[in-house]
Amino acid sequence: MEHNLVLYNTLTRKKEKFVPIHPNMVGMYVCGPTVYSDVHLGNCRTFVSFDLIFRYLVHLGYKVRYVRNITDAGHLEGDNDEGDDKFAKKAKLEQLEPMEIVQKYTIGFHDVLRMFNTIPPSIEPTATGHISEQIEMVQQIIDNGFAYEVNGTVYFDVEKYVKEYNYTILTNRNLEDMLNNTRELGGQDEKRGRLDFALWIKAKPEHIMRWPSPWGVGFPGWHIECSAMSRKYLGDQFDIHGGGMDLAATHHTNEIAQSEACNHTSPAKYWMHTNMLTVNGARMSKSAGNGFLPGELFTGDHKLLNRGYSPMAVRFFMLQAHYRSTLDFSNEALEAADKGYKRLMAAIGLLDKIVTSPKSTFGNLEEIKKRSYAAMDDDFNSPVLIAELFEVVRIINSIYDGKLTITEGDLNELKDYLSAFVYDILGLKDDQVGDTDNMDDLMQIIINLRNEAKKNKDFVTSDRIREHLTAVGIQLKDSKDGTLWNKI
């Protein structure tokens with residue numbers, strides 16, 4: 001099947017046909033977490049979205065090198081090249097070494113993404129593991145005339161840069177407005193221009209994380225790590241750079257500036273950004289008191305949640321919205337997603353119980369496949385794909401009920417289709433499955449008791465058994481081959 005994958009490029013603000021720099025190979029860099037606290041849902045939404053993108057590119061046959069960094073140094077409060085280092089501040093609060101903080105929250109980050117069934121990146125570099133590469137890049141930017149050093153701190157010269165390059169190419173912001181909205185330089189400020197940012201920062205005596213450099217002992221600015229590590233593992237120019245939309249205005253804008261100042265080329269051909277999260281229509285944030293962590297979402301241990309939801313139900317919920325759309329959390333939306341996810345898994349569970357026929361009457365499977373691929377080829381449109389899957393759910397239930405028929409060959413094709421799109425591409429799995437052997441034995445006992453009640457014309461008891469099972473999510477279906485059960 002021929003594919004015409006198009007994706008929305010933030011850089012050009014339009015959808016473009018995806019043509020990798022090197023045929024059949026894709027280089028993708030996604031900005032990873034800053035590991036000084038628990039990973040939040042906004043991060044998870046971004047990483048689940050790029051897991052979908054990664055999975056689909058691999059499914060199409062591309063060899064993908066997926067690089068996602070770990071920020072474990074040099075991230076200042078407020079990201080304004082001033083204030084306390086977040087790692088050092090957290091370490092003091094918890095009376096730990098900074099790298100203990102890094103280890104604790106990196107493990108937690110990996111644990112959460114494992115629960116969301118994301119595939120690990122090909123390479124996961126850390127900022128502290130690439131100090132030499134960052135120093136080398138800073139020196140090259142100085143040598144090219146786009147940075148200057150003041151008392152051990154190196155600043156990027158935005159005023160010099162804008163004479164040759166477009167600093168606001170990613171966001172299309174007005175440079176004059178940016179200058180007007182930036183605070184005036186105080187008498188003690190070392191920067192020459194209001195938009196200048198630090199590439200390397202001189203360490204104060206009390207600063208714990210510090211490294212020697214040509215400009216003295218210090219630590220890297222936040223933006224330089226991604227430029228240095230993407231360059232090391234993907235080259236001066238690669239295919240896709242991704243992250244949350246909140247990174248576009250500052251972090252990604254400065255990444256482009258650093259790479260152009262160093263390598264004389266923009267780093268990525270396509271820039272992709274996920275949208276924000278809201279809760280009941282309001283932006284999710286700690287200050288608003290409406291933020292919750294993934295663990296709280298799974299357990300339901302939060303004042304805004306009626307109950308907990310399984311990681312796969314939450315992943316399904318996230319994929320029901322397009323990655324560029326706002327994702328709004330509410331109990332009603334989560335409940336609906338949970339029911340939809342269980343319906344999908346229940347239908348897949350029926351496939352092995354379906355009795356085949358000499359003829360198929362359910363429709364054209366090839367047309368369903370074409371529409372499913374068309375959805376994913378259109379900027380990874382998972383909501384449209386899921387709509388197609390629910391049409392398949394309807395077909396499966398109709399075949400199971402005997403209203404439609406399917407041949408053995410078509411049934412095998414249907415299984416392959418669902419395996420590809422549900423498991424391989426959407427990355428879902430049936431986390432409702434427990435000890436199925438014991439469950440089958442238990443259900444057979446209940447079915448036998450119900451059959452005995454019916455045989456004795458005790459229809460009140462048989463109906464109550466069915467109703468109670470339905471209430472806990474188990475459906476009974478009577479057929480000529482006996483009574484079968486499945487999870488709703």
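Small disclaimer: the values here were computed from a predicted structure and weren't measured.
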Mind telling me whether [Y] and [X] have parallel, tilted or perpendicular rings, with 30° and 60° as the class edges?
X: F421; Y: Y417; answer: tilted
X: F109; Y: F47; answer: perpendicular
X: Y29; Y: H241; answer: tilted
X: F380; Y: Y56; answer: perpendicular

Residues [X] and [Y] bridged, charged N to O under 4.0 Å:
X: E391; Y: R371; result: no
X: D236; Y: R231; result: yes
X: R307; Y: D338; result: yes

Min side-chain heavy-atom separation [X]-[Y] under 4.5 Å:
X: K369; Y: E413; value: yes
X: Y323; Y: H273; value: no
X: T126; Y: V35; value: no
X: L52; Y: S382; value: yes
X: F329; Y: L305; value: no
X: C31; Y: C226; value: yes
X: K269; Y: I240; value: no
X: F362; Y: S398; value: no

How long is the straight-line distance from [atom2] of [Y] back to [atom1] of [X], given to the nearest 0.5 Å?
X: N381; Y: R324; atom1: CG; atom2: CZ; result: 9.0 Å
X: E16; Y: L5; atom1: CD; atom2: CG; result: 11.5 Å
X: L297; Y: C44; atom1: CG; atom2: SG; result: 9.5 Å
X: M318; Y: T46; atom1: CE; atom2: OG1; result: 9.0 Å
X: L234; Y: M28; atom1: CG; atom2: CE; result: 10.0 Å
X: L175; Y: R173; atom1: CG; atom2: CZ; result: 9.0 Å

For the side chain of [X] and the backbone of [Y], is there at least one donor-acceptor N/O pair under 3.5 Å apart?
X: S372; Y: L385; value: no
X: E367; Y: N364; value: no
X: N290; Y: R283; value: yes
X: N174; Y: E176; value: yes
X: N254; Y: H251; value: no
X: T106; Y: V102; value: yes
X: D430; Y: M345; value: no
X: R315; Y: L426; value: yes

Is the number of heavy atoms from other residues, nucleotides or ligands within 6.0 Å of [atom1] ([X]) greater than 12?
X: R65; atom1: CZ; value: no
X: D301; atom1: CG; value: no
X: K63; atom1: NZ; value: no

Are [X] and [Y] close enough that their ring centres sit under 6.0 Å apart?
X: H110; Y: Y105; answer: no
X: Y270; Y: F18; answer: yes
X: F298; Y: F116; answer: yes

For [X], enumerate each residue passing the ring pair (Phe, Tyr, Trp, His ring centres under 6.0 Å) test, keeping only those at least two apart in sequence or located in another chain.
X: H264; value: none
X: H59; value: Y373
X: F156; value: Y161, F197

Audit row: Y341, F317, ring pair (Phe, Tyr, Trp, His ring centres under 6.0 Å) steps and yes/no: CA-CA 8 Å; Y341 163 71; F317 168 70; over 10 Å; no
Show, in sequence, the C-alpha distance, side-chain angles and deciding distance for D328 and T278, and conclude whether the side chain to side chain donor-acceptor pair (under 3.5 Å) test is met. CA-CA 5 Å; D328 186 54; T278 57; 2.6 Å; yes
Residues in side-chain hydrogen bond (donor to acceptor under 3.5 Å, both in side chains) contact with S230, at least two apart in sequence or another chain: none
Worked verdict on H322 versus Y8 for side chain to side chain donor-acceptor pair (under 3.5 Å): CA-CA 12 Å; H322 190 266; Y8 184 85; over 6 Å; no
Looking at residues at least two apart in the chain, or sitting in another chain, which of them share a salt bridge (charged side-chain N to carboxylate O under 4.0 Å, His left out) with R55? D51
Give the intermediate values and the outcome of side chain to side chain donor-acceptor pair (under 3.5 Å) for residues N69 and E225. CA-CA 9 Å; N69 68 300; E225 66 173 282; 3.0 Å; yes
Under 3.5 Å side-chain donor-acceptor pair for [X] and [Y]:
X: E255; Y: S259; answer: no
X: N280; Y: S330; answer: no
X: S49; Y: T274; answer: no

Yes or no on side chain to side chain donor-acceptor pair (under 3.5 Å) for H223 and H252, after CA distance, side-chain angles and deciding distance? CA-CA 8 Å; H223 314 299; H252 289 165; over 6 Å; no
Partners of N172 by side chain to side chain contact (heavy atoms under 4.5 Å, CB included), sequence neighbours excluded?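 For N172 the side chain to side chain contact (heavy atoms under 4.5 Å, CB included) partners, ignoring immediate neighbours, are R13.
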